[in-house]
There are 2 protein chains.
Amino acid sequence: MPDSIMMAPPADDEWREDCAPRRVLEIFASKWTSMILHALDARHGGTARTGVLLRSLPGISKKMLTQTLRDMEASGLVSRRVYGTVPPAVDYTLTPLGHRFVEPLELLYGWARRNADALDALTTQRTLRETSKTHG
Amino acid sequence: MPDSIMMAPPADDEWREDCAPRRVLEIFASKWTSMILHALDARHGGTARTGVLLRSLPGISKKMLTQTLRDMEASGLVSRRVYGTVPPAVDYTLTPLGHRFVEPLELLYGWARRNADALDALTTQRTLRETSKTHG
DNA sequence: GGACATAGATACCTGGAGGTAACCATGCCA
DNA sequence: TGGCATGGTTACCTCCAGGTATCTATGTCC
């Protein structure tokens, strides 16, 4: 066996559990956070009402939307504003902090759009199952 | 209430469930995939033995490592090579496809390192609990 | 003989993410 | 009177990612 493979020094000493790279992943840990961040940023002033968001994110449920938004509020990513009107109206706005997280998101999304072919090339389990006997 | 907020057109029509941005998120859906991708890339030729990876990723368990690696193999991100030696030796190499996914990762990780302060500013539930009464 | 290292397989368990559906309060409108 | 829309909340359920522990096989070394 090749020596070159044998000896591999523990290069990433600082790849600890609380390093920045690992922590940024937490943003993507909850399914909808990044998408809400994006959806908000896509609006004027990073503000949008609940219903608008609900309709902007195909597939999200009312519950998951509010739940995620509340978590994001607790994290300091968005601020919530309630209008005492009736029927009730609520909107959410990106905080300055929340705004900062838009950049890495767009970085990622941008790459994804430019590299859709790579994503297509990925043999997802799903795709695997569906394709398996299809042409074999 | 401000009109500007009321009328918000469904701007992201193509923000469908299978759009590129959404699909790229799947890479981060499984906890270790991105980190393994990075760890492999950090080696010469994107190749590393199981044990090396195990030690490179603090916190990962043997099971999760193999499991994730096998999933990645099925997705076409890495290739597995077994040496008929004893004790057994196995190594994994980034495929060309796998290599392509390193870029967005590093994009993200790079941002994270440069913006550690933003990550610190995030009021994680964790941090919230630990800090709550600490200095208040 | 027994420990260690190699790379796994396998059984087992659990938390919680994420989803569904029903309910609430209210005013408008037909 | 009943339906609709507003933004939630709540109860409930399921699934599986992710983790633990134990077992395999084999050769070397003490």
Side-chain angles (χ1 to χ4, degrees), chain A residues 1-3 5-8 17 22 25-36 47-75 78-93 124-126 129, chain B residues 1-3 5-8 17 22 25-36 47-75 78-93 124-126 129:
Chain A
M1 102 149 2
D3 284 19
I5 300 177
M6 286 296 309
M7 46 189 192
E17 321 222 10
R22 281 209 187 185
L25 294 181
E26 294 176 12
I27 295 283
F28 303 92
S30 94
K31 184 172 178 181
W32 300 102
T33 306
S34 67
M35 290 186 255
I36 294 181
T47 296
R49 292 188 54 176
T50 316
V52 173
L53 289 175
L54 199 57
R55 276 168 253 124
S56 299
L57 300 171
I60 198 174
S61 71
K62 213 191 299 192
K63 180 196 135 189
M64 283 315 294
L65 179 60
T66 14
Q67 182 175 307
T68 309
L69 279 167
R70 304 306 263 264
D71 288 350
M72 293 171 70
E73 191 191 6
S75 301
V78 303
S79 63
R80 193 174 109 108
R81 210 167 9 170
V82 183
Y83 299 84
T85 61
V86 108
V90 176
D91 67 30
Y92 296 88
T93 306
T124 312
Q125 280 74 348
R126 211 173 319 280
R129 226 180 290 131
Chain B
M1 106 150 2
D3 284 18
I5 300 178
M6 286 295 309
M7 45 189 192
E17 321 222 9
R22 281 209 187 186
L25 294 180
E26 294 176 13
I27 295 284
F28 304 92
S30 93
K31 185 172 176 182
W32 300 102
T33 305
S34 66
M35 290 187 256
I36 294 182
T47 297
R49 292 188 55 178
T50 317
V52 172
L53 289 173
L54 198 57
R55 275 168 252 122
S56 298
L57 300 171
I60 198 175
S61 71
K62 211 192 301 192
K63 181 197 136 188
M64 282 316 295
L65 179 60
T66 13
Q67 183 175 305
T68 308
L69 279 167
R70 303 305 264 264
D71 289 349
M72 292 171 70
E73 192 191 6
S75 301
V78 303
S79 62
R80 192 175 109 108
R81 210 166 11 170
V82 183
Y83 298 84
T85 61
V86 109
V90 176
D91 67 30
Y92 296 86
T93 307
T124 312
Q125 281 72 346
R126 214 174 317 280
R129 228 180 289 132

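Just so we're clear, the structure is a prediction, and the values are computed from it rather than from any experiment.
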| Separation of A:L53 atom CG from D:dT6 atom C1', in whole Å? | 14 Å
| Rounded to the nearest Å, what distance is computed from the CG atom of residue B:L65 to the C1' atom of nucleotide D:dG18? | 13 Å
| Going through the checks in order, is the side-chain contact (heavy atoms from CB on, under 4.5 Å) test met by A:L65 and A:I36? | CA-CA 8 Å; A:L65 179 60; A:I36 294 181; 3.7 Å; yes
| said: It should be established whether A:R55 places a side-chain nitrogen or oxygen under 4.0 Å from OP1 or OP2 of nucleotide D:dT6. | reply: yes
| message | Need one value for A:S61: base, sugar-phosphate or nothing, where a base atom within 4.0 Å counts as base even if backbone is also close, heavy atoms only. | response | base
| query | Counting only side-chain N and O atoms of A:K31, is one of them less than 4.0 Å from OP1 or OP2 of C:dG19? | reply | yes
| task | Report the distance from atom CG of B:L69 to atom C1' of C:dT6, rounded to the nearest whole Å. | result | 15 Å
| field | Atom pair distance, as rounded to whole Å: CE in A:M64 and C1' in C:dT20 | value | 12 Å
| query | With respect to the phosphate group of C:dA7, does any side-chain polar atom (N or O) of B:R80 fall under 4.0 Å of OP1 or OP2? | reply | no
| said: Tell me the interatomic distance from A:K62, atom NZ, to D:dA5, atom P, rounded to whole angstroms. | reply: 11 Å
| note | By nearest-nucleotide position on DNA chain C, the 5'-leaning member of B:Y92 and A:I60 is B:Y92
| said: Using a heavy-atom cut-off of 4.0 Å across all strands, would you classify B:T66 as base, sugar-phosphate, or nothing? | reply: sugar-phosphate
| query | Is there a side-chain contact between B:T50 and B:Y92 (heavy atoms, below 4.5 Å)? | reply | yes
| request: State which of C:dA7, D:dG7, C:dT10 makes the closest approach to the side chain of A:P88. | output: D:dG7
| task | Consider the side chain of B:S30, meaning its heavy atoms from C-beta on, and name the nucleotide among D:dT10, D:dG8, D:dG18 that approaches it most closely. | result | D:dG18
| request: Using a cut-off of strictly less than 4.0 Å, decide whether B:R49 has a side-chain nitrogen or oxygen near OP1 or OP2 of C:dT6. | output: no
| request: Grab the CG-P distance between A:L25 and D:dG18 for me, whole Å please. | output: 12 Å
| query | Side chains of A:V82 and A:P88: closer than 4.5 Å at any heavy-atom pair? | reply | no
| request: Whole angstrom is fine here: how far is it from CH2 in B:W32 over to P in D:dG18? | output: 9 Å
| task | Decide, yes or no, whether a salt bridge links A:D91 with A:R81 under the criterion of side-chain N to carboxylate O below 4.0 Å. | result | yes
| request: Examine distances only and state if a side-chain atom of A:T66 and a backbone atom of A:K62 form a donor-acceptor pair shorter than 3.5 Å. | output: yes
| field | Gap between atoms CD and P, on B:Q67 and C:dA9 respectively (whole Å) | value | 10 Å
